[in-house]
Asker: 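Structure below; questions to follow.
Nothing here was measured: the structure is a model prediction, and the numbers come from that model.
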Amino acid sequence: MIFAIGTLLCTSFAQNPAGYKCNAKATDGPRENLPKLRRGKFDLVVARSDWAQNGLKGTGFFKNKGADTSLRSLFSIHSAPLTVIARAGSNIRSVDDLDGKSVKLDGSATYLVKQLPQVANWDTSAFDTYKPNERNLLRKRLCSGDIDAIANVTGYPSSWIQKTAQTCPIQLVSVSGRQIDRLVSGSDALSQVSIPANTYRGVARPTKTFGFRATLLSSAGVSEDDVYAFVKSTFENLPQLARNHPALSGLRPSNMIRDGLPAPLHPGAARYYREKGWLK
């Protein structure tokens, strides 16, 4: 999804009358993108906000590489929220109902669930982190009732969840409340998310949750004028971009310039936002 969206943004920018060139490259993700951005091999990259935070602070994967204090944010795009699915009609409607249940989680969901304050008091003996190649089997196990819920951190709409909803009726589990609010307010990488109604078959109401965002990043050494032009092009063409990919629909500038931005704003981005009256 990230490469597809990056390609859309790049193609749109390359059509700018000023004659800018933009080439989107498929990579191994933030493990490759962020170090190459730091070395000046890339001008712009897309990375999830938690990876951006780790790169900025020199934590996680970047612990041995040190902090990249030159990292700069442009804007965030689609959300990658914690998405918990259960069988329709089950008694799992809120995240607190996972206490004592059999839950399979991907790696990022495992990390986020562990951050929830209430988890310390749960019975998580049947919580288990799964591998990507196990997902199709997990769909069958959920639909058969062998497991109670599956938790992923993924953009929406997720093709895997869509197929699961076509295999058996599902419901999305709400992950919200005061404890979640406090968790999100204490992290630059996290933001509140509402998965729209009818994103998945049979789920007729919006579902509140939280998670990360895909973030456009650059470096302090990249030209202010070039970043300004890219940001201006993106926001001026946002309605058309949204029509070309469902993950871009419903984006609001007020959220894009605020949510999921661990690194300081690049001066080129800040200049455009001030011109629009979005920043003082």
Side-chain angles (χ1 to χ4, degrees), residues 1-14 16 18-80 107-108 111 153 155 187-191 211-235 237-238 241 245 247-248 251 255-273 279:
M1 181 183 293
I2 284 180
F3 177 67
I5 291 174
T7 300
L8 276 176
L9 297 180
C10 195
T11 301
S12 175
F13 181 53
N16 190 300
Y20 284 100
K21 294 182 179 180
C22 187
N23 297 309
K25 295 184 179 180
T27 69
D28 191 32
R31 292 176 178 83
E32 179 180 352
N33 291 350
L34 291 171
K36 285 189 173 180
L37 176 66
R38 187 174 188 172
R39 298 198 303 269
K41 300 295 184 181
F42 292 156
D43 296 315
L44 302 171
V45 302
V46 183
R48 212 170 64 185
S49 52
D50 55 328
W51 281 87
Q53 186 173 63
N54 285 337
L56 178 71
K57 296 184 176 181
T59 54
F61 177 80
F62 304 101
K63 183 176 181 179
N64 295 327
K65 302 178 186 299
D68 181 6
T69 57
S70 67
L71 195 63
R72 295 292 182 269
S73 298
L74 274 63
F75 51 81
S76 61
I77 39 178
H78 68 277
S79 300
S108 295
Y111 169 80
V153 171
S187 172
D188 291 331
L190 296 174
S191 57
F212 306 116
R213 295 183 75 93
T215 304
L216 261 292
L217 301 161
S218 189
S219 178
V222 175
S223 162
E224 178 179 329
D225 289 342
D226 289 349
V227 170
Y228 171 88
F230 181 85
V231 171
K232 184 174 188 289
S233 170
T234 299
F235 281 92
N237 291 289
L238 199 56
L241 291 167
H245 200 291
L248 297 178
L251 290 179
N255 298 121
M256 294 172 69
I257 69 172
R258 182 190 69 226
D259 294 342
L261 302 179
L265 282 176
H266 192 285
R271 185 172 117 203
Y272 178 74
Y273 302 152
L279 284 182

Asker: Can you give each donor-acceptor pair under 3.5 Å made by side-chain atoms of residues 61-69, sequence neighbours left out, with the distance rounded to 0.1 Å?
Answerer:
| from | atom 1 | to | atom 2 | distance (Å) |
| --- | --- | --- | --- | --- |
| D68 | OD1 | S70 | N | 3.2 |
| D68 | OD1 | S70 | OG | 2.6 |

Asker: Ignoring hydrogens and angles, tell me if any N or O in the side chain of S233 forms a donor-acceptor pair with the backbone of A229 under 3.5 Å.
Answerer: no
Asker: How far apart are the closest heavy atoms of R258 and N255, and which atoms are they?
Answerer: NH2-ND2, 2.8 Å
Asker: Less than 4.5 Å apart, any side-chain heavy atom of D43 and any of D226?
Answerer: no
Asker: Could you pull out the closest heavy-atom pair between A214 and V46, with the gap in Å?
Answerer: CB-CG1, 4.1 Å
Asker: With a 4.5 Å cut-off on side-chain heavy atoms, are L279 and L265 touching?
Answerer: yes
Asker: Determine the minimum heavy-atom distance between A52 and L71, stating which atoms define it.
Answerer: O-CD2, 3.5 Å
Asker: If only atom types and distance count, is the side chain of T27 paired as donor or acceptor with the main-chain N or O of N33 below 3.5 Å?
Answerer: no
Asker: To the nearest 0.5 Å, how far apart are NE2 in H78 and CZ in R213?
Answerer: 9.0 Å
Asker: If we ignore angles and hydrogens, is there a donor and acceptor under 3.5 Å between the side chains of D259 and S76?
Answerer: no
Asker: Between R271 and D225, does any NZ, NE, NH1 or NH2 come within less than 4.0 Å of an OD or OE carboxylate oxygen?
Answerer: yes
Asker: Calculate, to the nearest 0.5 Å, the distance between atoms NZ and OH belonging to K232 and Y272 respectively.
Answerer: 6.5 Å
Asker: Just so I know, are the side chains of F230 and L216 near enough to count as touching, which here means a heavy-atom distance under 4.5 Å?
Answerer: yes
Asker: Mind listing the closest non-hydrogen atom pair of L74 and V227 along with its distance?
Answerer: CG-CG1, 3.8 Å
Asker: Could you tell me which non-hydrogen atom of P30 sits nearest to which non-hydrogen atom of P35, and how far apart they are?
Answerer: O-CD, 3.5 Å
Asker: Atom CG in L241, atom CG in L251: separation rounded to 0.5 Å?
Answerer: 9.5 Å
Asker: Could you give all pairs that pass the ring-ring contact (aromatic ring centres under 6.0 Å, His included) test and reach residues 19-39, with sequence neighbours left out?
Answerer: F13-Y20
Asker: Roughly how far apart are K25 NZ and K36 NZ, rounded to 0.5 Å?
Answerer: 7.0 Å
Asker: To the nearest 0.5 Å, how far apart are OG in S49 and CG in L261?
Answerer: 8.5 Å
Asker: Specify the closest pair of heavy atoms between A47 and L217, including all atoms of both residues, with the distance to one decimal.
Answerer: CB-CD1, 3.9 Å
Asker: Can you tell me how the ring of F75 sits relative to the ring of F235, calling it parallel under 30°, perpendicular over 60° and tilted otherwise?
Answerer: perpendicular
Asker: When you measure from the side chain of H266 to the backbone N and O of E224, does any donor-acceptor pair fall under 3.5 Å?
Answerer: no
Asker: Measure the spacing between CH2 of W51 and OG1 of T59 and express it to the nearest 0.5 Å.
Answerer: 10.5 Å
Asker: Under 3.5 Å, is there a donor-acceptor pair between the side chain of S218 and the main chain of R72?
Answerer: no
